[in-house]
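Below: one structure, written as C-alpha cells.
Each chain gets a letter, A, B and so on, in the order its sequence line appears, and its residues count up from 1. This is a predicted model, so every value here is computed, not measured.
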Amino acid sequence: MKNKLIYLDNAATTFPKPPAVAAAVDECIRTFCGNSSRGSNPLALKSAEKIFECRCLLADTFFCLPENVVFTYNTTYALNMALKGIMKGGGHILISNMEHNATLRPIANLQRDGLIEYDTFEAYGKTDTEIIQDIDRKKRPDTRAVCCLHTSNICSYTLPIEKIGKYCHDAGLLFICDGAQSGGHIPIDMKKCNIDILCLPAHKGLYGIQGCGVMLLGEGVSPDTVIEGGNGVNSLDYFMGDDPPEKYEAGTLSTPAIVGLCEGLKFLNSKKASEIQAHTKKLFSHAKTLLEGIPNVTIHDATPGSVLIFNINGIPCDEVGELLSLAGICVRTGYHCSPLAHKALGTYGTGGVRISFGVFNTLSHIELLSSLTEDISNRKLRL
Amino acid sequence: MTDYSGSLSGRSCTAYIGSTTLAMKAQRVLAAHAIASSVTKINSSRTRRGCAYGVNFDCAQQSNVKAILARENISVKEFL
C-alpha cells in the first residue's frame, strides 16, 4: 500500500485542481458568496459580476455570446435541457453509437414515453465519410437534430464534429454536441463546427470543481425550457421570459463552482492547447507501450489521447481496479455509464479498466501503474 | 472585481434592460466606449413585472448609450 495516491481517473473528475481554483473558491465562500441576480445588495452584485466574468471567458473560449452561456449543475443536466428542450414538440433524432448514458437515457426515455423516435448512427471505427453517409442514410423527413459526443469517455476516439456540424447545417438539422471529455483537451469553435448547443462540465478538462456544467447556445438557438422557477427576473410573471441565459437558469446557481470554473479557464488559457494535448498524448503513448509489453493485457482502442482502456485477460476488470486501488492507484473500471460505446468496442461482456490523464500526471505515474499491472497479470498481486 | 462605474457626474439616467446578464453586458459595452455606468436593480414599481436590472449612466450620454446598445443588440425596454 502506497502512502501517496496516484490519480488516473481524470475522465471522471480532474484531480488535483490548480491551487488558484481552490483559492478562488475559498475566497468566494468566505468573502462574497451572495445570491446572483437576487436583489442589489453588494454581495449579490459581486457574485453576479464574477458569474458574468465566467460567461465572458467561456464565450471567448468556445466562440459564442456571453448571454448564451447557460449554467447548469453538470453536463448531464445540460444535455437533458438541450435534448428535452429541442425535442419537446416530438420528431426524430439521431445519436451516435458511442453515446454516454447522459444522452442515451433521456432520449430512450422520451421514445419509451412515445414522445420521439431515435436511431443511432455508426461512428466507431468508421471514416469521416462513412459517418456522414450513415447519418444521411438514417435521416428522416421528421429528423430534427443530431446529437453526439466529441470524444468518448471510455477511450480517446474522437468524432469529426466539424464535418458532422457542416452536414447538419446544410441539411437544416440542429447539432447538439457533448463535449464532456474534450472540453479543455481539444479546442472547440462552436461557429466553425456549426454547433447549435455545446454541453460541458466544469469539473473535468476545464479544471473547475463539481456542481457546475454549461449549455452553450449558438445564436438564435432557443430550446424550450425544461425546468422552471425563480430566476430573479420579472418575478411577477408566471413564465420564465425569453432571454437567455436566465430563461434557463431556474433556482440559485452554484456561485463557488462557477468562480472555480473561471479560475480553471484562466489556468488553461495560461497554457497552449497544443502543449496540453502533447502532454496527454505522451502519457498515452508511454502507457500503451508499457502495457502492450505485459502478457495477457489487451488495449481496446489505440487512438492517442487522454483516455486508455485495457483488460487483463482472465482477470475481471473490477478485480484489477480493486488491486490497483489497494496499491494507491485510482482508476475506473466497469462500464463507465456507456453501454453503447462498450458494444462498439467489443467490451460489452467484460467492461474494462480505464485510465485517464490530466495535466498533473507524469511519466512516473504511468510506470508505477504498468509495474503493478504486470504484478496483477502475473498473479503476484491478488485479492 | 472590475469596476466600470467610473464616476457618474451630472444627472443620472437609467436604461431598463431586464436580466442581470444583459445589464452587465451593457455595462461592459459602454465601458468599451468610455461611458461610465453601473448596474442597478430597477425599482419594481417602475417595471410592472417585478425584479429587473438596468444600468445607470450620465443623462448627457443618453443618445450615445441608445445607439451603442442598439448596435450590440441589447434591447432597452425603457429609458427612465
I need the minimum non-hydrogen distance between A:P245 and B:T21, along with the two atoms involved. CG-OG1, 3.5 Å
Nearest 0.5 Å, please: how far is CD in A:E49 from CD in B:Q27? 6.0 Å
Okay, A:I51 and chain B: the region with an atom under 4.5 Å from a heavy atom over there is neither
Could you pull out the closest heavy-atom pair between B:R28 and A:C56, with the gap in Å? NH1-SG, 3.7 Å
Does any N or O in the side chain of B:Y53 come within less than 3.5 Å of the main-chain N or O of A:S40, such that one atom is a donor and the other an acceptor? no
Is atom OH of B:Y16 surrounded by more than 12 heavy atoms (other residues, nucleotides or ligands) closer than 6.0 Å? yes
Minimum heavy-atom distance between B:A52 and A:N234, given as atom pair plus value: CB-OD1, 4.5 Å
Does atom CG (A:D242) have a neighbourhood of more than 12 heavy atoms from anything else shown, all under 6.0 Å? no
Give, as side chain, backbone, both or neither, the part of A:D243 having an atom under 4.5 angstrom from any heavy atom of chain B. side chain
Residue among A:K247, A:E249, A:E246 satisfying side chain to side chain contact (heavy atoms under 4.5 Å, CB included) with B:S19: A:E246
Heavy-atom pair of closest approach, residues B:C51 and A:G232: CB-O, 3.2 Å
Step by step, would you call B:K25 with A:L65 a side-chain contact (heavy atoms from CB on, under 4.5 Å)? CA-CA 10 Å; B:K25 183 175 180 180; A:L65 295 171; 4.2 Å; yes
Most contact-rich option vs chain A, by heavy-atom pairs under 4.5 angstrom, among B:T47, B:T40, B:L22, B:V39, is B:L22
Is A:K166 atom NZ crowded by more than 12 heavy atoms from other residues, nucleotides or ligands, each under 6.0 Å away? no
Least distance between heavy atoms, B:R48 atom then A:L236 atom: O-CD1, 3.8 Å
For B:T20 and A:S37, which heavy atoms make the closest approach, and how far apart are they? OG1-OG, 2.6 Å
